[in-house]
2 protein chains.
Amino acid sequence: MASSRSTEKPSIQAADSPTCDKPLVHLDNVRQVQPEVLSTAKAQRMAEFFSALSDPHRLKLLSALARQELCVCDLAAAVKMGESAVSHQLRVLKSQRLVKYRRQGRNVFYSLADSHITAVYREVADHLDE
Amino acid sequence: MASSRSTEKPSIQAADSPTCDKPLVHLDNVRQVQPEVLSTAKAQRMAEFFSALSDPHRLKLLSALARQELCVCDLAAAVKMGESAVSHQLRVLKSQRLVKYRRQGRNVFYSLADSHITAVYREVADHLDE
DNA sequence: GTTACCACTGAACACCTGCTCAGAGGATTG
DNA sequence: CAATCCTCTGAGCAGGTGTTCAGTGGTAAC
């Protein structure tokens, strides 16, 4: 038999878990939980999304855009950042589809992309307020 | 109306904006939006919260805990990480009150802290699925 | 008491993030 | 076309993040 503890552990190894050098205190729990664990790919995508929201300057930009659409230099003035820095951060927000934009003459106007954002915002605000 | 393009800029400076070397294309917009911008303190708190969710391993841990409470070594096995790494990450999740824990003998069992977490999870999943 | 086990911690290291600075691209004005 | 404005991009660098490794503390079993 495989493994470790004392006298138990009947036919513990799942077919796809070839080796088991870890302590595994409650192996049955582990096996129940494992199918519920996020896939690496999906965890990665969600992490990138939250990562886009994990900077105070980006959150300020979003809160400004929640009011109305704005161009880059106005955003920079509103949140007191350099325009280059704003542009870099907007790129991050764009990559996660948190904002959309339209060109008008020399300006590029940004606005929030969809409504999930505000919903997430509210849930988090509730969580932090308690 | 106030402002915008070429020949104006009469008494533009707000009382608390002493200097203005930035382009400020649409000053009226900026002044409308500014009070809506998150305070630095609140933006910081929200950023820290999202930051706790911005790592794929931590998201995997949370998805495992969504099923049932687990101790550290079981978590390590479920998400295929070292136990030390899990312990470090759980510290982050604890600091944002995303998980709670109870001691039982040699084990420490972790579980999700409250329901806002799953709500946030659903909103983000919806956002990413479209 | 001794041993084994589970969990936590600190240090060191590699990697990633976000800023500033300098410059390029695109569009409008004169 | 020349000049100006708004925006974007790449390089370079401080600072933060996440891992492993080694060691500590606390609890249960012998």
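Chain identifiers are assigned alphabetically (A, B, ...) following the order of the sequence lines, protein sequences preceding nucleic acid strands; residue numbering begins at 1 within each chain. Values reported hereafter were calculated over all heavy atoms of this structure, with side chains retained and with hydrogens, waters and symmetry mates removed.
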Separation of [N] [atom2] from [X] [atom1] (nearest whole Å):
| X | N | atom1 | atom2 | answer |
| --- | --- | --- | --- | --- |
| B:Leu59 | D:dG18 | CG | C1' | 14 Å |
| B:Met81 | C:dA7 | CE | P | 14 Å |
| A:Glu83 | C:dT20 | CD | P | 11 Å |
| A:Leu75 | D:dC8 | CG | P | 10 Å |
| A:Lys60 | C:dC19 | NZ | P | 12 Å |
| A:Leu53 | C:dT17 | CG | C1' | 15 Å |
| A:Gln89 | D:dC8 | CD | P | 13 Å |
| A:Arg91 | C:dG18 | CZ | P | 13 Å |

| Side-chain touch A:Asn107/A:Val72, heavy atoms, less than 4.5 angstrom |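 A:Asn107 vs A:Val72: side chains apart.
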
| task | Give, for atom CG of A:Leu93 and atom CG of A:Asp55, the distance between the pair rounded to the nearest 0.5 Å. | result |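 Atom-to-atom, A:Leu93:CG and A:Asp55:CG are 9.0 Å apart.
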
| query | Is A:Asn107 near enough to D:dC5 that one of its side-chain N or O atoms lies under 4.0 angstrom from OP1 or OP2? | reply |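 No, because none of the side-chain N or O atoms of A:Asn107 sits under 4.0 Å from OP1 or OP2 of D:dC5.
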
| query | Would you say A:Arg58 reaches C:dG18's phosphate, i.e. side-chain N/O to OP1/OP2 under 4.0 Å? | reply |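 For C:dG18, OP1/OP2 do have a side-chain N/O of A:Arg58 under 4.0 Å.
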
| message | Students often get this wrong, so: under 4.0 angstrom with heavy atoms, is A:Tyr110 touching a base, only sugar-phosphate, or nothing? | response |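 It contacts sugar-phosphate atoms only.
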
| query | Within the structure shown, what part of the strands sits under 4.0 Å from B:His88 by heavy-atom distance: base, sugar-phosphate, or nothing? | reply |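 It contacts base atoms.
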
| task | Select from B:Ser84 and B:Val92 the residue whose nearest nucleotide in DNA chain D is closer to the 5' end of that strand. | result |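 Mapping each residue to its closest nucleotide by heavy atoms, the 5'-most match is B:Val92.
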
| task | Map A:Gln104 and A:Ser51 onto DNA chain C by nearest heavy atom, then report which one ends up closer to the 5' terminus. | result |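 Taking each residue's closest nucleotide, the earlier one in sequence belongs to A:Ser51.
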
| query | Closest approach of A:Leu112 and A:Lys100, non-hydrogen atoms and distance? | reply |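 In this case the closest contact between A:Leu112 and A:Lys100 is O-NZ, 3.1 Å.
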
| field | Among D:dT19, C:dA7, C:dG18, the one nearest B:Ala85 by side-chain distance | value |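 Nearest to the side chain of B:Ala85 among the choices is D:dT19.
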
| query | From C:dA7, D:dC8, D:dA29, pick the nucleotide closest to the side chain of B:Arg106? | reply |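 The closest nucleotide is D:dA29.
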
| task | Taking atom types as modelled, find out whether A:Lys60 and B:Ser39 have a side-chain donor-acceptor pair closer than 3.5 angstrom. | result |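 No, B:Ser39 and A:Lys60 have no side-chain donor paired with an acceptor closer than 3.5 Å.
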
| Would you call the rings of A:Phe50 and B:Phe50 parallel, tilted or perpendicular if under 30° counts as parallel and over 60° as perpendicular? |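 Rings of A:Phe50 and B:Phe50: parallel, under 30°.
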
